[in-house]
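These notes are about the structure you will find just below.
Values below: all heavy atoms of this structure, side chains included; hydrogens, waters and symmetry mates excluded.
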Amino acid sequence: MIETLVWIAVALVAVGVYLSWTAGRLDRLHARIDAARAALDAQLVRRASAALEVATSGVLDPAASIVLYEAAHAARLAEEDHREVAESELSQALRAVFADPDQVAAVKEAPGGEEAAGELAATVRRVPMARRFHNDAVRAARALRRHRKVRWFRLAGHAPFPLAFEMDDEPPVALADRPGS
């Protein structure tokens, strides 16, 4: 009788430790999502700022400047519900403005243009990586949250279901190419 109670207690402790470990893992995944989202937001703000700097520099033709300025300004001011669309529109504007490599060369030839073009090119390359890191963390958390044990024991607590950040982040070819490659 006592031996049976000891085995039941051991089994309950093992199940408790396993559930605690799973809850901790889920918590770490949610923290990873938060950190990845903050990094993504920082990269998106940097990209919009660099685009605004190029748009207001005066080296682009007026139509291209207006298109780029409006898209970058809208991306910086977009509310969370419309952020993905605004960022996609900025990507499309960047591709439209910098479709021609001569446009990038014109920006680089202007005073301070080399740094501005370099910063814009760097941010354009970093955004897809930051989005990929965020969406990978979301995918891992979603996979864990779909397990029965997580649902039955409510291990996710009151954390909202993680959502991926879906946007068009394809960079313009002229800006995505690294110098010297």
Side-chain angles (χ1 to χ4, degrees), residues 1-53 71-95 118-173 175-179 181:
M1 175 76 176
I2 291 180
E3 186 177 320
T4 304
L5 290 176
V6 168
W7 283 111
I8 290 173
V10 168
L12 288 175
V13 167
V15 168
V17 167
Y18 178 71
L19 290 176
S20 175
W21 175 81
T22 303
R25 181 173 167 224
L26 189 58
D27 186 52
R28 289 188 300 276
L29 282 171
H30 281 262
R32 187 172 136 206
I33 289 170
D34 291 342
R37 180 59 188 242
L40 175 61
D41 286 341
Q43 290 303 323
L44 292 172
V45 167
R46 283 187 189 118
R47 180 178 78 151
S49 297
L52 280 171
E53 182 179 335
H73 187 67
R76 286 188 69 181
L77 297 180
E79 294 181 16
E80 196 60 35
D81 295 343
H82 305 290
R83 183 100 188 260
E84 294 171 346
V85 173
E87 294 295 344
S88 293
E89 289 173 354
L90 177 56
S91 295
Q92 293 166 0
L94 285 166
R95 280 197 307 272
E119 175 67 20
L120 183 59
T123 60
V124 160
R125 284 191 304 267
R126 288 184 196 132
V127 165
M129 288 187 290
R131 188 176 75 88
R132 194 172 318 121
F133 289 142
H134 175 266
N135 288 350
D136 286 347
V138 166
R139 198 172 303 109
R142 282 179 167 182
L144 185 58
R145 286 183 71 152
R146 284 190 192 106
H147 287 248
R148 279 190 212 118
K149 66 181 176 269
V150 173
R151 290 192 321 261
W152 288 351
F153 293 102
R154 300 177 189 253
L155 298 181
H158 297 289
F161 195 74
L163 299 174
F165 193 85
E166 297 300 333
M167 64 172 269
D168 174 9
D169 61 1
E170 184 179 334
V173 175
L175 284 176
D177 291 336
R178 293 180 183 262
S181 54

Value for CG (Leu44) from CZ (Arg126), rounded to nearest 0.5 Å, stands at 12.5 Å
Under 3.5 Å, side-chain donor or acceptor atoms of residues 2-29 against the rest of the protein: list the pairs with distances, not counting sequence neighbours.
{"from": "Tyr18", "atom 1": "OH", "to": "Lys149", "atom 2": "NZ", "distance (Å)": "3.1"}
{"from": "Thr22", "atom 1": "OG1", "to": "Tyr18", "atom 2": "O", "distance (Å)": "2.9"}
{"from": "Arg28", "atom 1": "NH1", "to": "Gly24", "atom 2": "O", "distance (Å)": "3.3"}

How close do Ala51 and Leu120 get, heavy atom to heavy atom, and via which atoms? N-CD1, 3.8 Å
Nearest heavy-atom approach of Ala48 to Leu90 is CA-CD2, 4.0 Å
Please report the C-alpha distance between Ser91 and Arg47 in whole Å, then the side-chain angles of each, then the deciding distance to 0.1 Å, and finally whether the side-chain contact (heavy atoms from CB on, under 4.5 Å) criterion is met. CA-CA 10 Å; Ser91 295; Arg47 180 178 78 151; 2.7 Å; yes
Would you mind writing out the side-chain donor-acceptor pairs for residues 72-83 within the sub-3.5 Å range, not counting sequence neighbours?
{"from": "Glu80", "atom 1": "OE2", "to": "Arg37", "atom 2": "NH2", "distance (Å)": "2.2"}
{"from": "Arg83", "atom 1": "NE", "to": "Glu87", "atom 2": "OE2", "distance (Å)": "3.4"}
{"from": "Arg83", "atom 1": "NH1", "to": "Asp41", "atom 2": "OD1", "distance (Å)": "3.0"}

Listed pairs under 3.5 Å, donor-acceptor, residues 150-170 side chains, sequence neighbours left out:
{"from": "Arg151", "atom 1": "NH1", "to": "Arg146", "atom 2": "O", "distance (Å)": "2.3"}
{"from": "Glu166", "atom 1": "OE1", "to": "Arg131", "atom 2": "NH1", "distance (Å)": "3.4"}
{"from": "Asp168", "atom 1": "OD1", "to": "Arg95", "atom 2": "NH1", "distance (Å)": "3.1"}
{"from": "Asp168", "atom 1": "OD1", "to": "Glu170", "atom 2": "N", "distance (Å)": "3.2"}
{"from": "Asp168", "atom 1": "OD2", "to": "Arg95", "atom 2": "NH1", "distance (Å)": "3.2"}
{"from": "Asp168", "atom 1": "OD2", "to": "Arg95", "atom 2": "NH2", "distance (Å)": "2.5"}
{"from": "Asp169", "atom 1": "OD2", "to": "Arg131", "atom 2": "NE", "distance (Å)": "2.8"}
{"from": "Asp169", "atom 1": "OD2", "to": "Arg131", "atom 2": "NH2", "distance (Å)": "3.4"}

Just how far is it from atom CZ of Arg139 to atom CZ of Arg132, taken to the nearest 0.5 Å? 10.0 Å
